[in-house]
Amino acid sequence: MKELIKKLTEIKSPSGREDNIRNAILEELKGYIDGYEIDKLGNLIVWKKGKKDGKILLDAHMDEIGVLATYIDEKGFIRIEPIGGVSPYNLLGSSIAFPQAEGFVGVEGETLEELSKNIKNLDFDKIFVDIGAKSREEAEKLVPPGTFGVYSANFKDLGERLVSKAMDDRIGCAIIIEVFKRSNPYYTLYGTFSIQEEIGLVGASVVAFDIKPDLAIAIDVTAHSDTPKGPKRMSLELGKGPAIKIKDSASISDRRIVEKLKNIAEKNGIPYQIEILLRGGTNAAALQRTGEGIPAGTLSIPTRYVHSPHEMIDINDVENAIRILKILVESDESLL
């Protein structure tokens, strides 16, 4: 499982450029699916036939946050625009991987006073990326405006805790892949690996239109509250189990799905947590609105330092999420 997570998180595929991760997911699923489709937007849809009529959909987005080169000055320093929720503070001191170059993020400041002010009020107007070029012409050969980049960060195995860029949401992709590998679904199981979630749930808004599943579950990361002075209005800890979402700022989970997931966990002694996310949302919000409407919910993996180069998860939460979903899809009582 760790090798799969490492493989998926180290692939560089920001929103709008999902080809590399899509190919890797398909390769992993060879021999475990009955068919697949890549729709007009680039969403990957796979399925595994069940014993009875009925459709269950598991969704994870396969894109990651990133940056886009927008302008290069005469000395070869590159200005960037965020793709998704990229904080300039997380970028500060980090490195950016472009297809043909590695860049390092710096901050403007002609004086110590100006530098301090810029760091205190950091935004994308005050940062730049240095790829070691000496001129605009040299930089443009490697990173012309319009080039996509992502954090340059490697997977780290800390035992039960794993750290990498793009856990959001390659960990959801890994979970769905493992559910397909390990389960024999009672009803037909669909897996969707959707594009461009990070810029507005783009792929999920259409991915289930033709499937018309009886229920859909988004698998994504969520916040944490177990670091010093973590959020007071939440209670989510790494290693205490996957989180069954009640609501976030984009959607309220279908009560029947919430109860079904809770019952599975409790009957089988699987630890879980309840998630009420203060800010943010998942593809469940788009799935709910697809076609005539789809009952939807979210199963989340608590994650520290989301949207940074070092997102941290606990492998036990991942394995327990797979256990819950495997039981769900193999049950003749899984439909609403």
Side-chain angles (χ1 to χ4, degrees), residues 1 3-5 7-8 11 13 15-63 169-197 201-220 257 282-284 286-299 321-336:
M1 187 67 195
E3 283 303 311
L4 174 60
I5 297 170
K7 175 182 177 179
L8 298 184
I11 290 170
S13 275
S15 297
R17 296 293 184 271
E18 292 92 353
D19 303 56
N20 290 338
I21 186 63
R22 184 173 58 237
N23 293 339
I25 291 169
L26 261 178
E27 182 67 28
E28 280 293 325
L29 285 168
K30 278 185 178 178
Y32 297 99
I33 56 176
D34 292 317
Y36 76 92
E37 173 190 356
I38 299 170
D39 70 14
K40 293 179 181 179
L41 287 184
N43 296 303
L44 172 61
I45 304 162
V46 303
W47 56 87
K48 196 172 189 178
K49 294 176 182 177
K51 305 170 187 175
K52 298 288 184 180
D53 291 339
K55 301 174 184 177
I56 295 175
L57 171 63
L58 303 180
D59 172 86
H61 68 89
M62 58 183 170
D63 59 318
D169 184 31
R170 306 288 165 70
I171 200 63
C173 297
I175 288 169
I176 294 176
I177 288 169
E178 286 300 308
V179 172
F180 269 81
K181 288 181 177 180
R182 301 183 194 184
S183 65
N184 295 302
Y186 191 83
Y187 300 103
T188 296
L189 176 62
Y190 285 85
T192 53
F193 302 89
S194 48
I195 66 160
Q196 298 186 43
E197 186 267 358
L201 317 184
V202 174
S205 65
V206 301
V207 73
F209 189 84
D210 290 330
I211 300 171
K212 296 182 175 63
D214 296 288
L215 65 89
I217 299 174
I219 298 95
D220 210 329
I257 294 176
T282 72
N283 276 343
L287 294 169
Q288 286 177 329
R289 299 177 176 89
T290 299
E292 297 173 349
I294 299 170
T298 301
L299 188 63
I322 295 167
R323 289 176 65 196
I324 289 173
L325 294 171
K326 181 179 186 294
I327 293 168
L328 173 73
V329 305
E330 291 185 336
S331 171
D332 61 353
E333 297 180 351
S334 57
L335 301 188
L336 302 179

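Counting begins at 1 with the first residue of the sequence. This is a predicted model, so every value here is computed, not measured. Computation of the quantities below employed the complete heavy-atom set of this structure, encompassing side-chain atoms and omitting hydrogens, waters and symmetry-equivalent molecules.
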Minimum side-chain heavy-atom gap [X]-[Y] below 4.5 Å:
| X | Y | result |
| --- | --- | --- |
| Ile195 | Val207 | no |
| Ser183 | Leu189 | yes |
| Val206 | Asn43 | yes |
| Tyr187 | Leu215 | no |
| Phe193 | Leu26 | no |
| Glu333 | Tyr186 | no |

Can you see which heavy atom on [X] is nearest to which on [Y], and at what distance?
| X | Y | value |
| --- | --- | --- |
| Pro295 | Leu336 | CB-CD1, 3.5 Å |
| Ser194 | Gly203 | CB-C, 4.1 Å |
| Leu335 | Gly54 | CD1-CA, 4.0 Å |
| Glu330 | Asn184 | OE2-N, 2.9 Å |
| Pro213 | Ile294 | CD-CD1, 3.7 Å |
| Ile33 | Tyr36 | CD1-CB, 4.1 Å |

How long is the gap from [atom1] on [X] to [atom2] on [Y], to the nearest 0.5 Å?
| X | Y | atom1 | atom2 | result |
| --- | --- | --- | --- | --- |
| Ile217 | Thr298 | CD1 | OG1 | 9.0 Å |
| Ser334 | Ile56 | OG | CD1 | 3.0 Å |
| Leu44 | Glu37 | CG | CD | 9.5 Å |
| Ile21 | Asp169 | CD1 | CG | 10.5 Å |
| Ile25 | Cys173 | CD1 | SG | 4.0 Å |
| Asp59 | Glu197 | CG | CD | 9.0 Å |

Donor-acceptor pair, side chain of [X] and main chain of [Y], under 3.5 angstrom:
| X | Y | result |
| --- | --- | --- |
| Ser331 | Leu328 | no |
| Glu18 | Gly16 | yes |
| Asp220 | Thr282 | no |

Evaluate Val46 against Phe180 for side chain to side chain contact (heavy atoms under 4.5 Å, CB included), listing each step before the verdict.
CA-CA 10 Å; Val46 303; Phe180 269 81; 3.8 Å; yes

Please step through side chain to side chain contact (heavy atoms under 4.5 Å, CB included) for the pair Ile211 and Thr192, ending with a clear verdict.
CA-CA 10 Å; Ile211 300 171; Thr192 53; 4.0 Å; yes

Do the side chains of Arg182 and Glu178 get close enough for a salt bridge, i.e. N-O under 4.0 angstrom?
yes

Lys212/Glu292 ion pair, N-O < 4.0 Å:
no

So, applying side chain to side chain contact (heavy atoms under 4.5 Å, CB included) with Ile322, which one of Val179, Ile177, Ile327, Ile219 is it?
Val179

Ile11/Arg170 under side chain to side chain contact (heavy atoms under 4.5 Å, CB included): CA gap, chis, key distance, verdict:
CA-CA 9 Å; Ile11 290 170; Arg170 306 288 165 70; 4.2 Å; yes

